[in-house]
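Here's the structure, in structure tokens; my notes come after.
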Amino acid sequence: MSAQPLPSNDNDVSIATIAPKQEAPTSSKKLPPPEKPSDVRRRSHVILSFWLIVLLLGLPIWWKTTTIYRADLPLEDMLEWADGKACRPVFPLRISIQATSLQDQEAQNLLRLTQHALDDLNDFAGHHLRLQMGDEKQDSADNGSALTIRLTPGEGTTATLDPYEPILDITYPQNTIPSPTASSSALATYIASQLRTTFAEEQATISYLLSTDSMPSEHRPLGLSPETAEALAKRTTRSLKYAPTYHLTFSLFTSGPLPSSWDIETAIEEYMKPVLDVLSPIHNFTIDTQVQLYASPGVQNEVLNKEDLSSFINAAEWPLSPSIGGAPTINFIVFVGNQTIASPSQEAAPTSHSWLIPQWGTVFLLSLPGDTTHVAAATLKQPLLTFTSHLLSLTGTPESGSLPLRLSTLARIRSADLLLRASSTLGSLARLAMALPSISIPSSVADGVTKTMSHLRLACDNLGGTEGLAHARIAEAEAERAFFEKSMVGQLYFPDEHKIAVYLPLLGPVAVPLVMGLINEIKAWRKRRRERAEKGAEKKGE
């Protein structure tokens, strides 16, 4: 059956006319409603308040709590001391001449000619000998002279240095006295050569110290011979670093049960105390003693070769006293046993031997009968005399001249050494402060530098005397204390990478939201400003 078409009616509405009209899909998203101006201002005020807290409160607190205090240091002056520009070491030694047998005019003329001869022989202006007429009633200490020359008429020209006093006795024939019009004199030349020989070791030592320092080349003395420089280098290596106090330890070590006691106090008082007394203006000494039985040395050979001496000390088992009160310790050991040192000759070896250990002390091998229970003071005479000689070597005492002259020379050498060391320490501190801008410099360091420079100036002005040594000693101690300040040493190993590793985990989570919020707010503000500008342009166009 076929389908029949529907009848047409004017009142009917077509399907097409009553079907709903479909809208075309849109590609843009639905925009949120516009923000109220009050909400925009509130968000801006919140972001602004956070940044104001960070800038006005957080940063000042952080800066105050993390800033490194750096006291002002006179860096240029410190470097001048280190470079030798602030002080030119000069040792003007006064030499007194006593010539009672000469008339005043003759004595003055001889002094003038001798001074000229000295000036011609001297090639180091920093070590200058100044002659003056002395009074027979005064000794060298009273008139402040380093040496006194006593002129006595005789048959020949001779010179003798007193072993117990800083006095040089010179005899001369009567016909060697220069005339008032003479421009030179054999006697004056002889006296000048004797003075130069007497102070040759002191001048060489000071020249060596200055040559190893960083002072300007125009202030340095002429170069030393290789042999002299090598000998002085060995002596410097052997001696201990200067200290105001040394601790002396006297030890008796025995390989068996005997001897069990020794009269060391009496021996020290009789044989060593006089030298300790004359060294007291330069060094102080503290003393202790000990006895150790059944002490086996590090080498069991009965005959010790030169190679065995370095391992003879049994440091693992011998109770050697440590440093007391921070003072360096000098060890003097008397070992009673059957060891002897191999003699380089064919003759029989002596009954006692000793050797010096650089910067440490002395070992003395003492042979005694097997039944000796007590070591008397007389038996200890040779060990104590050896210890005394080695003590002078360990403290850097010159080797030539009489003992009083050697000790006065030691005071001047130590003054120069301490002055140069304090100046070098100031330079190291200045370079450290400039190389590490982040290192802290407490006020105590600045005060120490000020004291150091003050005492250095006084030491430089009084070189050659006990006053100069005292100021140089204080300057060196203050410079060392300032350089090794605990709070500064801790900052030496605190790199910037460590700071970054500490700050990033703390500041990163806080800084990212604040920075992103500020950036977004700036973008929104610029957008609103651009929209207001466009609306204003449209209104003007209408």
Side-chain angles (χ1 to χ4, degrees), residues 28-79 426-453 481-540:
S28 62
K29 296 181 180 180
K30 186 177 181 180
L31 296 177
E35 290 184 292
K36 298 179 180 180
S38 60
D39 295 338
V40 173
R41 288 194 300 271
R42 185 181 299 110
R43 186 179 67 249
S44 300
H45 290 163
V46 170
I47 295 176
L48 179 61
S49 63
F50 273 108
W51 275 101
L52 289 177
I53 293 174
V54 170
L55 296 177
L56 300 182
L57 185 61
L59 284 180
I61 294 177
W62 170 80
W63 182 265
K64 185 67 176 179
T65 55
T66 61
T67 187
I68 297 175
Y69 177 75
R70 288 175 60 90
D72 292 332
L73 296 179
L75 299 178
E76 294 184 0
D77 296 338
M78 295 166 64
L79 292 176
L426 281 183
S428 300
L429 179 58
R431 287 186 288 271
L432 177 66
M434 292 187 295
L436 300 176
S438 60
I439 191 173
S440 65
I441 302 178
S443 57
S444 59
V445 173
D447 295 339
V449 169
T450 302
K451 293 179 181 178
T452 300
M453 297 177 62
R481 187 179 297 109
F483 185 80
F484 292 104
E485 171 67 29
K486 294 181 180 179
S487 59
M488 287 183 57
V489 175
Q491 293 287 334
L492 293 178
Y493 309 101
F494 194 72
D496 293 335
E497 291 81 0
H498 181 76
K499 299 178 183 179
I500 296 175
V502 171
Y503 282 129
L504 276 182
L506 298 176
L507 299 182
V510 177
V512 171
L514 288 176
V515 173
M516 295 304 299
L518 179 63
I519 293 175
N520 292 333
E521 183 63 23
I522 292 176
K523 289 181 178 179
W525 173 78
R526 295 179 62 182
K527 181 179 179 181
R528 291 193 300 270
R529 184 179 180 184
R530 185 171 58 254
E531 290 177 353
R532 286 196 298 267
E534 291 177 355
K535 291 181 179 180
E538 291 177 358
K539 290 181 180 181
K540 290 181 180 179

Summary of salt bridge (charged side-chain N to carboxylate O under 4.0 Å, His left out) pairs that have at least one residue in residues 43-62, sequence neighbours excluded
Glu35-Arg43, Arg43-Glu521
Ser443: side-chain contact (heavy atoms from CB on, under 4.5 Å) partners, not counting sequence neighbours:
Tyr69
Ion pair Asp39/Lys36, N-O distance below 4.0 Å:
no
Please name all residues satisfying side-chain contact (heavy atoms from CB on, under 4.5 Å) with Ser444, sequence neighbours left out, ordered by chain then number.
Pro442, Glu485
Within this structure, what is the CG-CZ distance for the pair Leu432 and Phe483, rounded to the nearest 0.5 Å?
5.5 Å
What closest approach, in Å, do Pro74 and Met453 show between heavy atoms, and which atom pair accounts for it?
CG-SD, 3.8 Å
Could you check if a side-chain atom of Arg526 sits within less than 4.5 angstrom of a side-chain atom of Arg529, using non-hydrogen atoms only?
no
From Leu57 CG over to Trp62 CH2, what is the distance, rounded to the nearest 0.5 angstrom?
14.5 Å
Taking the side chain as C-beta and beyond, is there a heavy-atom pair between Ile439 and Ile68 under 4.5 Å?
no
Hey, are the side chains of Val445 and Leu429 touching, using non-hydrogen atoms and a 4.5 Å cut-off?
yes
My understanding is that only residues two or more places apart in sequence, or in another chain, count here; which of them pass side-chain contact (heavy atoms from CB on, under 4.5 Å) with Leu75?
Leu73, Met78, Ala430, Ala433, Met434
With rounding to the nearest 0.5 Å, note down the distance linking OG in Ser44 to CD1 in Ile522.
10.5 Å
Give, for atom CD1 of Ile61 and atom CG of Leu56, the distance between the pair rounded to the nearest 0.5 Å.
11.0 Å
Residues in side-chain contact (heavy atoms from CB on, under 4.5 Å) with Lys527, at least two apart?
Arg530, Glu531
Using the side chain to side chain donor-acceptor pair (under 3.5 Å) criterion, which residues pair with Trp525? Sequence neighbours excluded.
none
Residues two or more places apart in sequence or in another chain: which of them pass side chain to side chain donor-acceptor pair (under 3.5 Å) with Asp72?
none
For Leu518 and Trp51, work out which heavy atoms get closest and say how close.
CB-NE1, 3.5 Å
Rounded distance (nearest 0.5 Å) linking atom CD1 of Ile47 with atom CZ of Arg42
13.0 Å
Show the atom names and distances, to 0.1 Å, of all donor-acceptor pairs under 3.5 Å that link a side chain in residues 505-513 to residues at least two apart or in another chain.
none

Residues that Arg481 engages under salt bridge (charged side-chain N to carboxylate O under 4.0 Å, His left out), provided they are two or more places apart:
Glu478
